There are 2 protein chains.
Amino acid sequence: MNDQLSRTFQALADPTRRAMLAKLSHGEINVSDLAKPFLKDMSLPAVTKHLKVLENAGLVTKTRDAQYRPCKLNGTPLKTATDWMEQYRTFFEESLDRLGEYLKTVTAQEKEAKKKLNTKKKKTAKGIKSHGRKKQT
Amino acid sequence: MNDQLSRTFQALADPTRRAMLAKLSHGEINVSDLAKPFLKDMSLPAVTKHLKVLENAGLVTKTRDAQYRPCKLNGTPLKTATDWMEQYRTFFEESLDRLGEYLKTVTAQEKEAKKKLNTKKKKTAKGIKSHGRKKQT
DNA sequence: TGGTTAATTAACCATTTAGTTAAATATAGG
DNA sequence: CCTATATTTAACTAAATGGTTAATTAACCA
């Protein structure tokens with residue numbers, strides 16, 4: 001994981017960091033004010049680390065004001081991520097067209113699942129073998 | 001990291017998995033055909049694991065056809081992710097308005113950085129102290 | 001100068017992630 | 001039944017992630 005897009009998605013893959021972005025979307029805010037809502041759940045250095053992840057992804061820029069570090073949201077990487085997602089739009093916009101087919105599929109899969117449950121029961125009766133590698137001794 | 005959105009972003013935060021989704025966007029495909037382009041870089045079990053991450057995020061569903069496991073892209077989680085991003089659209093759509101201001105900021109920051117370099121050099125001459133905790137003995 | 005607040009860094013630890021190889025399971029087909 | 005192909009699982013390992021506490025740095029202010 002080294003490219004820009006991966007860093008962006010990685011940064012977004014955490015609820016704390018997403019909450020920090022939400023807070024930042026209301027305007028510039030310094031580190032301790034940004035941290036405040038999270039100090040019930042984690043320490044300040046933990047927040048600093050999350051912030052660093054957001055910075056490394058380019059989602060947040062930090063400036064200086066005396067001993068404060070005002071943080072600002074930068075939307076550019078989100079634009080990149082959104083653009084990437086755009087190529088899959090067809091896969092979630094034909095929902096109405098596909099709903100009927102989807103339901104049929106689900107029904108079919110459920111029937112399949114029931115069949116398999118029966119099959120597995122029979123096999124259990126015969127004795128199921130364990131999977132994978134044996135423990136080294 | 002346990003919620004749906006986090007799992008989705010986490011799944012997208014890897015170039016191999018994104019490439020797998022790209023492949024899947026061209027239609028249903030079984031595991032070994034899906035794996036083929038990646039076997040130069042990693043083993044088949046590694047691909048299986050990536051596939052499992054995509055499945056757990058709900059981005060891929062696997063069915064059965066004899067010994068084959070045809071995989072299919074499911075766009076729903078991408079829809080959820082896109083919807084989440086939507087709330088930040090204002091932060092990357094005013095780009096033209098903000099470009100000038102951004103450039104001014106960058107310039108200001110570069111000047112700041114130069115000033116700081118000088119400051120640090122002076123301090124180095126006086127002797128810089130190390131940061132953080134001391135090694136336990 | 002000394003104390004207080006803001007923020008970061010270091011050292012450490014537990015868990016997760018991403019990969020490996022070897023073995024096991026599932027199915028088809030001679 | 002035996003064998004080949006497809007896929008998964010197990011066991012293991014190295015590195016990354018997400019957290020901690022203690023120490024350090026930076027700047028303000030009385």
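These figures come from a predicted structure and were not determined experimentally. Worth knowing before you read on, the calculation uses all heavy atoms, side chains too, and leaves out hydrogens, waters and symmetry mates. To find a chain, count down the sequence lines: A is the first, B the second, and so on, and within it residues start at 1.
- Take the nearest nucleotide of DNA chain D for B:Lys49 and for A:Pro45: the residue whose nucleotide is more 5' is B:Lys49.
- One interatomic measurement links the two molecules: CE of B:Met20 to P of D:dT7, which rounds to 12 Å at whole-angstrom precision.
- The shortest distance between the side-chain N/O atoms of B:His50 and the OP1/OP2 oxygens of C:dT17 is not below 4.0 Å.
- A donor and an acceptor atom, one from each side chain of B:Thr82 and A:Arg89, are nowhere located under 3.5 Å apart.
- For the pair A:Arg7 CZ and D:dT17 P, the computed distance is 11 Å after rounding to whole Å.
- Out of D:dA27, D:dT17, C:dA7, the shortest distance to the side chain of A:Ala66 is found at D:dA27.
- Following rounding to the nearest Å, B:Met42 (CE) and C:dT21 (P) show an atom-to-atom distance of 13 Å.
- Here the rule is salt bridge (charged side-chain N to carboxylate O under 4.0 Å, His left out) with A:Glu55, and of A:Arg69, A:Lys62, A:Arg17 only A:Lys62 fits it.
- Nucleotide D:dA16 forms a Watson-Crick or G-U wobble pair with C:dT15, both donor-acceptor distances falling under 3.5 Å.
- Remark: C1' of D:dT7 and CG of B:Leu51 are 10 Å apart, rounded to the nearest angstrom.
- Rounded to whole Å, atom P of C:dT15 lies 18 Å from atom CG of A:Asp14.
- For the pair B:Lys62 and D:dT8, the criterion of a side-chain N or O lying under 4.0 Å from OP1 or OP2 is met.
- A:Arg64 has no side-chain polar atom (N or O) that falls below the 4.0 Å cut-off from OP1 or OP2 of C:dA6.
- Listed pair A:Ser43 / D:dT20 meets the phosphate criterion, a side-chain N or O lying under 4.0 Å from OP1 or OP2.
- Distances shorter than 4.0 Å separate none of the side-chain N or O atoms of B:Thr48 from OP1 or OP2 on D:dT7.
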B:Tyr88 and A:Leu21: side chain to side chain contact (heavy atoms under 4.5 Å, CB included), yes or no, with the steps?
CA-CA 9 Å; B:Tyr88 294 99; A:Leu21 291 182; 3.7 Å; yes
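- Taking the nucleotide of DNA chain C with the nearest heavy atom to each of B:Asp65 and A:Tyr68, the more 5' of the two is matched to A:Tyr68.
- Taking atom CG of residue A:Asn30 and atom P of nucleotide D:dA27, one finds them 15 Å apart after rounding to whole Å.
- Across all strands, A:Ala46 comes closer than 4.0 Å to base atoms (heavy-atom distances).
- Applying the side chain to side chain donor-acceptor pair (under 3.5 Å) rule to A:Lys36 yields the partners A:Asp33; only residues at least two apart in sequence or on another chain are considered.
- Closest-nucleotide positions on DNA chain D for A:Gln67 and A:Leu44 were compared, and the one nearer the 5' end corresponds to A:Leu44.
- For B:Asp3 and B:Ser6, the side-chain atoms include at least one donor-acceptor pair closer than 3.5 Å.
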